[in-house]
Amino acid sequence: MPELPEVEVVRRGLERWVAHRTVADAEVLHPRAVRRHLAGADDFAHRLKGHRIGTPSRRGKYLWLPLEDTGQAILAHLGMSGQLLVQPHSAPDEKHLRIRIRFTDARDTELRFVDQRTFGGLSLHDTTPEGLPDIIAHIARDPLDPLFDEEAFHQALRRKRTTIKRALLDQSLISGVGNIYADEALWRARIHYDRPTTGFTRPRTLLLLGHVRDVMNAALSVGGTSFDSLYVNVNGESGYFDRSLDAYGRENLPCRRCGTPIRRRPWMNRSSYYCPKCQRPPRLVRGVTAR
DNA sequence: CTATGAACCTGGGCGC
DNA sequence: TGCGCCCAGGTTCATA
């Protein structure tokens, strides 16, 4: 499941293989893949044609390709299962190929958006003076962004009546964190996912942010996480970070710190993994005695 | 305004 | 063998 590190790996791949090339044509094979482009598939394809792609950017889990001299950018979100693949023209179409973009140069590669579950997609948007696609203006900076505002994040935690994992997944407070890295960072920080954020001290917030950065940088250094064949980077290679996860997906396996079996709990229509000893639950969880 | 939960999707895995 | 159900989960939208 692509979170910030995986998306950044894709961005780097696009920078190498797609930047500074001019679009010859775009082919939309599944309308749902451009549903965020409200003017429709034909308009999407028409507006890309003939324009040169600039340097790819990213914020959180969103990435975008500026279209030079248009004031617009192709915004991409991989959703749950999206991939951006650079393939030779001769490569057979993937089963879930949704969009194909060809270029005017003689290099034998094209860009493909492949997405089994179709939660992801591409769309075209005006960019703000800062170069940000306008529809993601509400997405907070991510923790690897040098301009991420730690103090604002801390104050938001104290102001809101919520719990820490909900806050970590709230892309308007901090972006790029998904279910996997939330569980990993909380395990490293020894914080239970259901802890209320109201009483967080500044050192506690900064400790947690440090672990969020650490786990993301660790994933980046090995090229992203993959649990199955769904995630591959822009060149089709899988990541390897799944081998070093400490909490996510490790139900009943011993905690690497204390040996206590890791637990899985249903949480918000998904799962939370945690060590019941290292990550002590809050005294009261929904009015029921903890643990 | 804020917090919460359903809906959107598909394919793999499992019980019967 | 095949059917029905559950699960994975990021984001958006409706509801309380």
Side-chain angles (χ1 to χ4, degrees), chain A residues 1-8 10 28-38 58-64 75-84 94-99 113-123 125 133-140 142-143 155-186 193-198 212 216 219 224-232 238-239 242 245 247-252 263-274 285-287:
Chain A
M1 322 347 175
E3 298 181 27
L4 186 154
E6 291 76 22
V7 177
E8 174 59 18
V10 171
V28 177
L29 293 95
H30 194 308
R32 193 174 146 78
V34 292
R35 69 190 178 286
R36 292 186 185 90
H37 189 84
L38 300 180
R58 180 190 57 73
R59 174 176 286 195
K61 303 169 196 169
Y62 287 91
L63 65 83
W64 62 93
L75 181 66
H77 196 291
L78 302 180
M80 295 290 303
S81 52
Q83 308 166 46
L84 281 165
E94 290 76 8
K95 182 175 180 186
H96 301 293
L97 177 62
R98 309 303 192 195
I99 300 170
F113 179 70
V114 177
D115 191 8
Q116 177 206 114
R117 276 170 265 190
T118 67
F119 279 17
L122 306 185
S123 49
H125 303 278
D134 54 11
I135 65 153
I136 62 165
H138 65 291
I139 301 293
D142 61 65
Q155 292 304 329
L157 290 188
R158 294 192 56 92
R159 188 171 59 244
K160 284 186 167 289
R161 243 186 352 271
T162 188
T163 50
I164 187 56
K165 186 168 169 181
R166 282 178 178 279
L168 284 177
L169 297 185
D170 185 339
Q171 306 294 303
S172 70
L173 300 182
I174 180 172
S175 68
V177 183
N179 201 43
I180 297 169
Y181 294 113
D183 280 2
E184 290 302 302
L186 289 168
Y193 60 92
D194 254 340
R195 269 207 185 275
T197 59
T198 317
V212 170
M216 285 183 166
T225 298
S226 176
F227 295 95
D228 50 36
S229 60
L230 283 179
Y231 169 74
V232 285
S238 294
D242 53 314
L245 292 178
Y248 188 87
R250 299 194 68 243
E251 183 179 19
N252 295 329
R263 285 188 185 164
R264 180 176 73 89
R265 286 284 179 270
W267 184 86
M268 296 272 294
N269 280 329
R270 57 198 76 179
S271 294
S272 278
Y273 296 87
Y274 70 107
V285 179
R286 290 191 196 88

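Order of the sequence lines sets the chain letters (A, B, ...), proteins ahead of strands, with each chain counted from 1.
Evaluation of the salt bridge (Lys or Arg N to Asp or Glu O under 4.0 Å) rule for A/Lys165 yields A/Asp183 as partners, not counting sequence neighbours. The side chain to side chain donor-acceptor pair (under 3.5 Å) test applied to A/Arg250 returns no partner, not counting sequence neighbours. The ring-ring contact (aromatic ring centres under 6.0 Å, His included) test applied to A/Tyr62 returns A/His77, not counting sequence neighbours.
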Item to check | Summary of protein contacts for nucleotides 6-12 of chain B, nucleotide by nucleotide, where a base hit scores B, a sugar-phosphate-only hit scores S (4.0 Å, heavy atoms) | outcome: S-BBBS-
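Across the helix from B/dT2-C/dA16 to B/dC16-C/dG2, the helix axis at one end is tilted relative to the axis at the other end by 60° (nearest 10 degrees, each axis from five pairs).
Taking the side chain as every heavy atom from C-beta outward, A/Ser175 and A/Arg59 approach each other to under 4.5 Å. Counting heavy atoms from C-beta on, the side chains of A/Val10 and A/Leu78 come closer than 4.5 Å.
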Checklist entry - Are A/Leu186 and A/Leu168 close enough, and set up right, to give a side chain to side chain contact (heavy atoms under 4.5 Å, CB included), and what steps lead you there? => result CA-CA 10 Å; A/Leu186 289 168; A/Leu168 284 177; 4.0 Å; yes
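In this structure, A/Leu169 places its CG atom 14 Å from C1' of B/dT4, rounding to the nearest Å. Protein atom CD1 of A/Ile135 is 18 Å distant from nucleotide atom P of C/dG10, rounded to whole Å. Counting to the nearest Å, the C1' atom of B/dT4 and the CE atom of A/Met268 are 7 Å from each other. The interatomic distance linking A/Trp267 (CH2) with C/dG10 (C1') rounds to 12 Å, in whole Å.
OP1 or OP2 of B/dA3 lies within a sub-4.0 Å distance of a side-chain N or O belonging to A/Lys160. Look at A/Arg159 and you won't find any side-chain N or O under 4.0 angstrom from OP1 or OP2 of B/dT2. At least one side-chain nitrogen or oxygen of A/His77 sits closer than 4.0 Å to the OP1 or OP2 atom of C/dT11. Remark: A/Ser271 is in phosphate contact with C/dA8, judged by side-chain N or O atoms under 4.0 Å from OP1 or OP2.
Comparing atom distances between the A/His138 side chain and each of C/dG10, C/dT12, C/dA8 picks out C/dT12 as nearest.
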Write down the protein N/O and nucleotide N/O pairs, taken from nucleotides 14-16 of chain C, whose separation is under 3.5 Å; answer none if there are no such pairs.
none

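For the atom pair CG of A/Asp142 and CZ of A/Arg58, the computed distance is 4.5 Å after rounding to the nearest 0.5 Å.
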